[in-house]
Amino acid sequence: MWIAVVVISLVLVAILFKYVLGTSGPNPFAIDTREPLKTMVFDRKLKNKVLKQGFLASKVPQDLDAVVVGSGIGGLAIAVLLAKVGKKVLVLEQHDRAGGCCHTFTERGFEFDVGIHYIGELLDHKPFRCVVDQLTNGQLQWDPLENPFDKVVLGPPENRRIYPIYSGKKRYIDELKKCFPGEEKAIDEYVRLSKKVANGVWFMVLLKLLPTPLAKFLVRTGLASRLSSFFRYASRSLTDVVSELTQNKDLRAVMSYIFGTYGKMPKDASFSLHSLLLCHYLNGAWYPKGGASEIAYHMIPIIEKAGGAVLVRAPVNRILLNDVKEAIGVSVLKGQEEVHVHAPLVISDAGIFNTYERLLPKDVQTMSAIQKQLSMVQHGDGGLSIFIGVDGTKEELGLKADNYFIFPENNLDELEESCKKVPIIFVASPSAKDSTWPERSPGKSTVSVVSFANYAWFEEWKDDKVKNRSIDYKELKEAIINNILEAVTEIYPKIKDRIEYVDAGTPITNQHYIAAPEGEIYGIDHDIARFNVELNATIRPQTPIKNLFLTGQDVLFCGFAGALTGALTCGSVILNRNLHLDRVKNGNNKKKE
């Protein structure tokens, strides 16, 4: 018996070694492609020549190696990774500009970002920064936020407490202890546990790279949970963990405040996911210099250089399959006609619900393997955004490069949600974060608000014309805006009489512009079940349809970093190479320079 155990163990170690350290496929990071910084382009017309290339059948490159549905960071990143090893890739975007949640729009002279608010892990030597540099040839620049970069606001105006959140592994802890004397032990344990759990996330990635039978074996035997601190804590809620650490309700709220960056209340959120977010920002926070559109602007030329293209106004209405149900391309709806685009690989950044329920034929949707995956997930909460244009500079208006998380009380799980009252308000000034803004838009400033709203509140108006919805919809939006503006102007009192533009994006706005099925901004729901070990062994870049792959937020987790990691995982599967390991090596080499 012991001999059998030893043999099985050796085989298991050999297989794990192969998939952790395997390097058989081409390496997109083999060559450092960073170039000397070029002059930034502020001319919107010149940028639009890259970001707004409309779809025509005549623009589709011949002999494609892959077609990608969706131009969010997950779609663009996988396209760039493939382009860097010589693959010709076509990215198709249903909106009129590329970028997904990384795009920007302009109203009355004010430019607004829609999804990029701040990003961590961008110190020069960090592996994540090295990946971003390689995917943009070193042209994407970053402005650091203030320190403190976040401020947590608790309570009503008459009893308001503001807690600053500092970056720096030591300073984060030291400043928190200053705010909560007597809670030193709880704070130390919270940070220690968060780091321990976050460090175990590598096994989540590994489960998606291993052959399915081996991944299932690790799940069924319990080895996956035993080997990974991330999975050991995945079933524990954020509320449960912080409640064990301290009885101080304000400290519990401050430990939990960042749940807004993944969209689940603490009682429904996995502590494992939360630990990733805490660690993501420990070294600081950054904003893309020149605005969020810079991301797509510097990725698209790399795709084009390899013979590919990124085309917009290209709504994919179905995935093409051959007689044996293998993906062979996509159909793009051009007016009333279909244009068929063929490629040996189809990669979807449209999300698991859109991919399986909207783009596949009905008879294929009913496959047991697809239904199993769909039964494991649900739609995330709808996103609510408010865009505010203000007359004046950041100095005149008291705007800084930081963020506020506003809560009406410290018991975050008991916050009420209604169509006129939201439980959390994230507010920041994108223009204050961008060092190029004074040159691009002198004398103007912007403020953005992000929260969550129930899709059902707005669903009855989803089929109205997007710019001409009913009066009832407009009145509901106005009520929400007025309620939130009251809280925002308490934080930024100098903007109150200088607002020139304000509008709200609701879940049905997201449904229209970024094709989110129920207006969700973080893809499938990030509840505790999302981080169940079986789900993570089941939902992976490979789909039950041969030659069809998933990339982006739904592969691992949400946000810019999550979607980019999903693309790396997808690329690892397609190229038969552990790109996560390559990015770590790349970071270590850069650190030595």
Side-chain angles (χ1 to χ4, degrees), residues 40 42-44 47 101-118 143-146 148-153 157 160 162 164 260 285-294 383-406 420 422 424-451 453 467 474 476-506 509-510 513 521:
M40 294 188 72
F42 297 151
D43 187 314
R44 195 172 297 129
K47 290 189 76 171
C101 285
C102 297
H103 83 261
T104 61
F105 69 95
T106 302
E107 290 287 350
R108 298 187 193 175
F110 297 98
E111 181 185 271
F112 298 100
D113 64 49
V114 299
I116 298 295
H117 305 294
Y118 65 142
D143 283 322
L145 269 61
E146 301 272 346
F149 62 95
D150 280 346
K151 293 177 181 176
V152 184
V153 182
R160 177 154 286 172
I162 300 179
W286 289 261
Y287 184 80
K289 188 175 183 178
S293 64
E294 285 287 296
L384 175 70
S385 303
I386 295 181
F387 307 100
I388 305 166
V390 192
D391 174 41
T393 65
K394 64 180 181 180
E395 292 82 9
E396 294 168 343
L397 301 169
L399 303 174
K400 292 186 176 182
D402 56 13
N403 311 304
Y404 286 84
F405 286 78
I406 306 172
K420 295 181 182 179
V422 294
I424 172 178
I425 297 174
F426 168 93
V427 59
S429 172
S431 60
K433 297 175 183 178
D434 178 10
S435 61
T436 72
W437 183 272
E439 181 181 352
R440 296 193 296 125
S441 300
K444 295 179 180 291
S445 294
T446 60
V447 173
S448 292
V449 177
V450 180
S451 189
K467 293 287 189 180
K474 293 176 182 177
L476 177 56
K477 277 210 316 183
E478 186 175 357
I480 293 171
I481 289 171
N482 290 339
N483 178 268
I484 290 178
L485 275 182
E486 186 176 338
V488 171
T489 52
E490 286 170 359
I491 298 297
Y492 299 133
K494 293 182 180 179
I495 75 170
K496 191 169 186 177
D497 298 319
R498 304 184 71 170
I499 295 174
E500 294 187 345
Y501 171 84
V502 62
D503 200 2
T506 70
T509 312
N510 300 334
Y513 287 109
I521 52 176

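Here the structure is a predicted model, which means the values were calculated and not measured.
Without hydrogens or angle criteria, Asn483 side chain to Ala479 main chain gives no donor-acceptor distance under 3.5 Å.
By the 6.0 Å contact criterion, NZ on Lys496 is open, its count of non-hydrogen atoms from other residues, nucleotides or ligands being 12 or less. Atom CG of Asp497 has 12 or fewer heavy atoms from other residues, nucleotides or ligands within 6.0 Å. Taking a 6.0 Å sphere around CD of Glu395, one finds it holds more than 12 heavy atoms contributed by other residues, nucleotides or ligands. More than 12 heavy atoms of other residues, nucleotides or ligands sit less than 6.0 Å from atom CZ of Arg498.
Residues in residues 430-450 take part in no ring pair (Phe, Tyr, Trp, His ring centres under 6.0 Å) pair, two or more places apart or across chains.
The closest side-chain heavy-atom distance from Leu384 to Ile484 is below 4.5 Å. The shortest side-chain heavy-atom distance between Ile406 and Ile424 does not fall under the 4.5 Å cut-off. Looking at heavy atoms from C-beta onward, Lys47 lies in side-chain contact with Ser293 at the 4.5 angstrom threshold. In this structure the side chain of Thr446 never reaches within 4.5 angstrom of the side chain of Val390, judged on heavy atoms. No side-chain heavy atom of Ile480 sits under 4.5 Å from any side-chain heavy atom of Lys477. With a 4.5 Å cut-off on side-chain heavy atoms, His117 and Phe426 count as touching. Side chains of Asp150 and Tyr118 form a contact here, defined as non-hydrogen atoms less than 4.5 Å apart.
Between Asp402 and Lys433 there is no salt bridge, since none of the side-chain N atoms of the basic residue sits less than 4.0 Å from a carboxylate O of the acidic one. Glu500 and Arg108 are not joined by a salt bridge, as no carboxylate oxygen comes within less than 4.0 angstrom of a charged side-chain nitrogen. At a threshold of 4.0 Å, the pair Lys467-Glu107 counts as salt-bridged, since one of the basic side-chain nitrogens sits closer than that to a carboxylate oxygen.
Looking at Asp113 and Tyr287, their side chains do bring a donor and an acceptor atom within 3.5 Å of each other.
Atom CZ of Phe42 sits about 10.5 Å away from atom CD of Glu111, to the nearest 0.5 Å. Between Ile481 atom CD1 and Asp503 atom CG the span is 5.5 Å, to the nearest 0.5 Å. Of the inter-residue distances, the one linking Ile491 atom CD1 with Ile425 atom CD1 reads 9.0 Å to the nearest 0.5 angstrom. For the atom pair Glu294 CD and Met40 CE, the distance stands at 4.0 Å (nearest 0.5 Å). The distance from the CG atom of Asn403 to the OG atom of Ser448 is 10.5 Å, given to the nearest 0.5 Å. In this structure, the separation between NZ on Lys494 and OG on Ser445 is 12.0 Å, given to the nearest 0.5 Å.
When all heavy atoms are compared, the tightest approach of Ile386 to Ala504 is CG1-CB, 4.0 Å. When all heavy atoms of Ile116 and Pro288 are compared, the closest pair comes out as CG2-CD, 3.7 Å. Across all non-hydrogen atoms, the minimal contact from Ala428 to Tyr492 is CA-OH, 3.9 Å. When all heavy atoms of Ser441 and Gly109 are compared, the closest pair comes out as OG-O, 4.3 Å.
Relative to the six-membered ring of Phe110, Lys444 meets both conditions, a distance below 6.0 Å and an angle of at most 45° to the axis.
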Salt bridge (charged side-chain N to carboxylate O under 4.0 Å, His left out) between Asp434 and Lys289, intermediate numbers included: CA-CA 5 Å; Asp434 178 10; Lys289 188 175 183 178; over 6 Å; no
Evaluation steps, side chain to side chain contact (heavy atoms under 4.5 Å, CB included), between Leu399 and Ile495: CA-CA 9 Å; Leu399 303 174; Ile495 75 170; 4.2 Å; yes
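A centroid separation of less than 6.0 Å is found between the aromatic rings of Phe112 and Phe387.
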